[in-house]
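Presented below is the structure to which this report refers.
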Amino acid sequence: MSEQRNTTISRLSTSDADFNHQLDALLDWEGVSDKAVQARVEEILASVKKRGDAAVIEATNRFDRLSVSSMDELQLTPEQLKKAFDHLPSEQREALSSAAERIKQYHERQKPSSWQYEEADGTVLGQKVSPLDRAGIYVPGGKAAYPSSVLMNAIPAHVAGVREIVMVVPTPDGVLNELVLAAAHLAGVDYVFTIGGAQAVAALAYGTETVPRVDKIVGPGNIYVATAKRAVFGQVGIDMIAGPSEIMVVSDGLTDPDWLAMDLFSQAEHDEDAQAILVSWDKAHLAAVEAAIERLLPTLEREEIVRESLRRRGALVLCQDTQEAITLINRIAPEHLELSVAEPDTWLDDIRHAGAIFMGRYTAEALGDYCAGPNHVLPTSGTARFSSPLGVYDFQKRSSIIHCSAGGASELGKIASVLARGESLTAHARSAEYRIRD
């Protein structure tokens, strides 16, 4: 059984008879909203779709405790965004600019190219890559403000060639975050509306008299935002339904326990549902990290959130060896994976499922959150088994190119005719047969 010597974090061992059951319970997280949330979201979506700006204003006044009468009061101008950037303390302005440049440089390398090839008979086949016309960026407000999310969502869209970027950000009680606005200026955002929740998702998905309709909505939000994104999928594209933040650290026992404790805290401080797991085959090392957790917890500004997160979903896992650690990695498919080991490169070929992999003792996950360059919008809740980080490719689409020569159409027509008649689709067959020359 897992050791529960204190209420801060669980101790598990892969040798426990019920380890698999314990791990399943630890990983279990249900992101589907209840019927009451779904009903409220459906009501808001229908209202915005029917009444446009009026419904957005009504919902924003209600949920964000405002008293505005027009959408003009909920839209920020490019001049306001630039002013926010210009008035930042120099240290913040330089840090934000450095992060933006690194994120841009990384994502520039992701840009795919259109391609074509010609067959012997002159038929040309290929693929045309095109950017979306308009992308919607949802930036959380309320409990916390995330200028880093603005950069991570908007810069790849800009690099992809998206024509217009529309950002929505809630401002409860009318409080604007200057860093968020400055980030929007740096990232080349075209429109900023101070709206949030399901009403913001609806406005982006359906369009209103003031808010342009977008082709895709990206960015994290609360349960109402996630439920709304799921509901409008099909009307627009979405990036993902994101769950709570996660970190999995694998340590060989030689990394400073204080470093690892703080790495676990870095994700646990997001909210009480966040998950932090440390895996090692060194029992004494796990005990040292546990002691560091207890000692450092009281020094945190968000101590209560971290403590509750570790109590609910945190764990120190003792495994048998490196191979068992790799098996756990691929089973959990973590959003963030830290390989705090001597030779992390030797692990890569065996790791199949992880959102982002942080290599070596010096690569704290927090560096990836802000300024390393790769995107911090990552698959959660095990979806790294089939999903990838947000990137340039999420703001582009691909069209197939088929240009048959006369000879190519004749030869392909013979094949298509046989297959179409086998499916009893004779119009298909006859359409192809008209092009057969002999």
Side-chain angles (χ1 to χ4, degrees), residues 44-45 48-49 51-61 64 66 68-86 96 100 104 131-141 145-172 174-221 225 228-229 232 235-239 377 390 394-396:
I44 294 170
L45 294 178
V48 172
K49 188 175 184 180
R51 299 169 51 230
D53 283 349
V56 173
I57 292 168
E58 182 181 287
T60 300
N61 282 338
D64 289 344
L66 303 180
V68 303
S69 56
S70 74
M71 285 297 292
D72 288 341
E73 299 172 77
L74 296 174
Q75 184 172 0
L76 301 178
T77 65
E79 291 74 24
Q80 286 174 288
L81 304 183
K82 185 176 187 303
K83 182 179 178 182
F85 177 74
D86 290 341
L96 203 62
K104 181 181 178 182
L132 303 181
D133 287 340
R134 189 180 288 133
I137 309 296
Y138 190 100
V139 178
Y146 296 106
S148 57
S149 287
V150 178
L151 301 181
M152 293 291 183
N153 283 278
I155 289 176
H158 189 71
V159 170
V162 173
R163 293 181 183 178
E164 289 185 335
I165 302 172
V166 183
M167 184 177 113
V168 294
V169 55
T171 55
V175 178
L176 292 169
N177 183 280
E178 296 300 308
L179 264 175
V180 167
L181 306 189
H185 167 73
L186 264 183
V189 172
D190 298 287
Y191 300 91
V192 176
F193 296 95
T194 56
I195 58 177
Q199 64 270 24
V201 174
L204 293 173
Y206 305 130
T208 72
E209 299 93 324
T210 305
V211 181
R213 180 182 180 181
V214 304
D215 301 308
K216 190 167 190 174
I217 301 172
V218 302
V225 172
K229 284 173 68 177
V232 300
Q235 292 282 336
V236 293
I238 63 173
D239 50 350
V377 180
L390 188 74
D394 289 296
F395 297 99
Q396 294 178 323

Measure the [atom1]-[atom2] distance between [X] and [Y] for me, rounded to the nearest 0.5 Å.
X	Y	atom1	atom2	result
Asp53	Met71	CG	CE	5.0 Å
Thr60	Glu73	OG1	CD	11.5 Å
Glu178	Leu81	CD	CG	10.0 Å
Asp72	Thr210	CG	OG1	7.0 Å
Met167	Leu181	CE	CG	6.5 Å
Phe395	Leu390	CZ	CG	4.5 Å

Distance-only criterion, 3.5 Å: show the donor-acceptor pairs between side-chain atoms of residues 186-205 and protein atoms not counting sequence neighbours.
from, atom 1, to, atom 2, distance (Å)
Asp190, OD2, Ile165, N, 2.8
Thr194, OG1, Leu74, O, 3.4
Gln199, NE2, Gly196, O, 2.9

Restricting to non-hydrogen atoms, name the atom on [X] and the atom on [Y] that form the minimum distance, rounded to 0.1 Å.
X	Y	value
Gly174	Leu66	N-CD2, 3.2 Å
Pro220	Pro140	O-CG, 3.5 Å
Gly221	Tyr138	CA-CE2, 4.2 Å
Pro170	Asp64	CB-OD2, 3.8 Å
Pro131	Ala160	CB-O, 3.2 Å

(message) Going by the rule ring-ring contact (aromatic ring centres under 6.0 Å, His included), which residues pair with His185 if we only count those two or more places apart in sequence or in a different chain?
(response)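 His185 satisfies ring-ring contact (aromatic ring centres under 6.0 Å, His included) with Phe85 once adjacent residues are dropped.
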(message) If you define the side chain from C-beta out and look only at heavy atoms, does anything of Thr208 sit under 4.5 Å from Val56?
(response)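 Thr208 vs Val56: side chains touch.
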(request) Indicate yes or no: at least one non-hydrogen side-chain atom of Lys104 is less than 4.5 angstrom from one of His158. (result)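 Result no, sub-4.5 Å side-chain heavy-atom pair not found.
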(message) Show me the pairs that pass salt bridge (charged side-chain N to carboxylate O under 4.0 Å, His left out) and involve residues 151-164, at least two apart or across chains.
(response)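 Matches after skipping sequence neighbours: Asp133-Arg163, Arg134-Glu164.
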Donor-acceptor check, side chain of [X] to backbone of [Y], threshold 3.5 angstrom: yes or no?
X	Y	value
Lys229	Gly219	yes
Asn177	Leu179	yes
Asn61	Val68	yes
Lys49	Tyr206	no

(request) Go through the steps for Leu45 and Val232 under the test side-chain contact (heavy atoms from CB on, under 4.5 Å), then give the verdict. (result) CA-CA 9 Å; Leu45 294 178; Val232 300; 4.1 Å; yes
(message) Under the criterion side-chain contact (heavy atoms from CB on, under 4.5 Å), I'd like the reasoning laid out for Val214 against Leu132: C-alpha separation, chi angles, the key distance, then a yes or no.
(response) CA-CA 9 Å; Val214 304; Leu132 303 181; over 6 Å; no
